[in-house]
Amino acid sequence: MIYTIDMLMNLVDSSEKNYDREIILKAYRLAEKAHAGQCRESGDPYVSHPVAVAYILVELGMDTECICAALLHDVVEDTDYTLEQIEKEFGNDVALLVDGVTKLGKVPLSTKEEQQAENVRKMLLAMAKDIRVVIIKLADRLHNMRTLQFVPPQKQRDKALETMEIYAPLAHRLGIRAVKEELEDIALHYLDPVACSEIESMLEMKKENREKFIEDIKLKILGRLNEYGIHPHIEGRVKSLYGIYRKVYMAGRAFEEVYDIYAVRVIVDTVIECYNILGIIHDMFQPIPNRFKDYISTPKPNMYQSLHTTVIDKEGIPFEIQIRTWDMHYTAEYGIAAHWKYKAGIQGKDKLEERLAWIRQLLEAGQEAEDVEDIVRTIKTDIGSEEVFVFTPKGDVKSLPVGSTVIDFAYAIHSAVGNRMVGAKVDGRIVSLDTKVETGQIVEILTTNSPNHGPNRDWLKIVKTNEARSKIRSWFKKERRDENIVEGRAELEREFKRNYMTMDEQTAKTFIEDVAKRQHFDSVDDFFAAIGYGGIILSRIMPRLKDEYTKMVKAQDAVVEPEVVSLQSQKYNKNTSGVTVEGIDNCLVKFSQCCNPLPGDDIIGFITRGHGVSVHKRDCVNVINGMKDESQRGRWINVHWDEATPVSYRSTLDIVAQDRNALLADISIALANFRVPIHELNARELKNGNADIVATIGINGIDQLNSIIQKVEKIPGVISVERSGK
Ligand code: MN
């Protein structure tokens, strides 16, 4: 059947809705002009397709904007007209709808397994910022399915499969029953033609009996209900082809055993009447046990409401009865589209959002959670935010919360992929690891086979999903206990310092042992390790530790003068820093983080409030600026390196190199040859393709550092090596 503009306009005119005829005709004229000379595979003029799609949408009761967008839906994709022209002539809303439909058409939908299909459906919903886009797409697909006989066999199968896996469930989810059933029935014809003709012939054999049976039942029920003063609308039908197919061929029942081949629908005005009718019907016929379902008190997720019961008549033929109000009926038939068809009054965007809340609920994805804290965080971050849908290079779809990075994506594929990740490409271009992914992007993860490779601690600050975070943590937990202890101890020291908690070694030891015990750790090392891999989030327990510290200090020394630092009165252990402070014995010495002085550097000390003397390089920026402050001038003090310095100092190297395989390995081997401890080794990719490697090592002085720098500079690919904090 060729749909013409006259048919469409007749339908528009007979509709109860107030369509804008003029603009619909204008859209048609543009489509006709744009598609002039183009033909469908059936040989029909191309414009008959958009007209047919518009026709279906008028039947569904969609609005004028939708009808215009349907008429124009293939114009941008297949003709010389641009979106800008459509926007100029038909306004922003129509243009957005056309653009949305065009974009959905570009999503590759190859055959998917169940989970993948579910993700594709979610993605289609998510990509369509306006749900009308999906409804137009469904109407588009419905007309294409109706005319599928004209396309080559392989394409028939592909389209039928896609329809069965993606579009029919989407229609179901949106509650548009008529579209869903027609899509399924047509698709089934192409996917299992043999079974289809079997079912049809079984139904055919009894066609006369069947119609008489349904007619009898209808009259019987109507007669009885009239006696009670109830005058419902009753319709009877045979269930959809695919509905029967699912029961006979997929659930393996005998054709005769399919109870709901016959269905009678009773439609009334009020909910009270529904329950009354249920009672009357159970009195008239024998109900089959366990077949009663009350979807009125418990609606299906797609808003469907009805009472269902299956009963047997005197001849022993079972049939299903659905009892519902008119409101429920509209929702059951048109689902989300009922919003436009019957509730034209509510057109505000907010109301629409409310109606869509249930779709959003369906989009929730379960996340792995390690402990109660994680679960709480999961609820807060993952459920609260919306999702993005991203392709693997093979076309699989992964769903992630908005704000997820390529690292999250890698861990969503598999923890082994995440742990071996060295880089990522988005749509073919190399990106930095903190790049956030967006719906529709194709993301490829670059991995290494190097056995020493693992995730980087900094990733914990970058990733968005708890899945990635807990997988990274569990890698560190398993693979790096020693490192975790070192890292955890350092982190705790940093936090103590940040919070002005100074203690001598012995006090600190007891204090930390107490804390570890109270956190239920067997040893202090376990406690450090837990901090190291992130099992304990220090920022959460610090307030309590600080309280305890304050109490302890108050108990130890009731008289504390806050402004004056009396270094000598405090009992420090023998100074092991390797630095002597002029005029003060045994005072607490810390090396400043800003310049990390090393033996041999020209240094100066600054008397801090409360935690000893901090040592800077004389040419440190902070020293030069600090000296300008008159009020602080008295606090600068001369310090010297001790003669023998058996201590190890932390120094950080910033290495820039051309990125290549085994680069990190070569650098760590070079460092290891010096037998210096490596505290941290982080690499990240720079925009220009080079790698930036930051290595924190322990050294005994400036001479050793210089020879290490010389050695690293000679490694192939290394462009520059610099000491950080100069
Ligand atoms: Mn189309």
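Nothing here was measured: the structure is a model prediction, and the numbers come from that model. In listed order, ligands and their atoms are each counted from 1.
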Task: Side-chain donor or acceptor of Asp408 paired with backbone N/O of Val463 under 3.5 Å - done: no
Open item on the list: Listing request: all salt bridge (Lys or Arg N to Asp or Glu O under 4.0 Å) pairs with a residue in residues 30-43, at least two apart in sequence or in separate chains.
Closed with: Glu41-Lys155
Task: Cation-pi geometry met for Lys159 and Tyr190 (6.0 Å, 45°) - done: no
Open item on the list: Tell me if a side-chain donor or acceptor on Glu65 pairs with a main-chain N or O of Arg132 at a distance below 3.5 Å.
Closed with: no
Task: Environment of the Mn ion (ligand 1) in terms of protein N/O/S atoms, cut-off under 2.8 Å - done: His49 NE2, His73 NE2, Asp74 OD2, Asp140 OD1
Task: Listed partners of Ser306 passing side-chain contact (heavy atoms from CB on, under 4.5 Å), at least two apart - done: Tyr304, His308, Arg324
TODO: Could you name each residue pair satisfying ring-ring contact (aromatic ring centres under 6.0 Å, His included) that touches residues 46-81, not counting sequence neighbours?
DONE: Tyr3-Tyr55, His35-Tyr46, Tyr46-His49, His49-His73, His49-His143
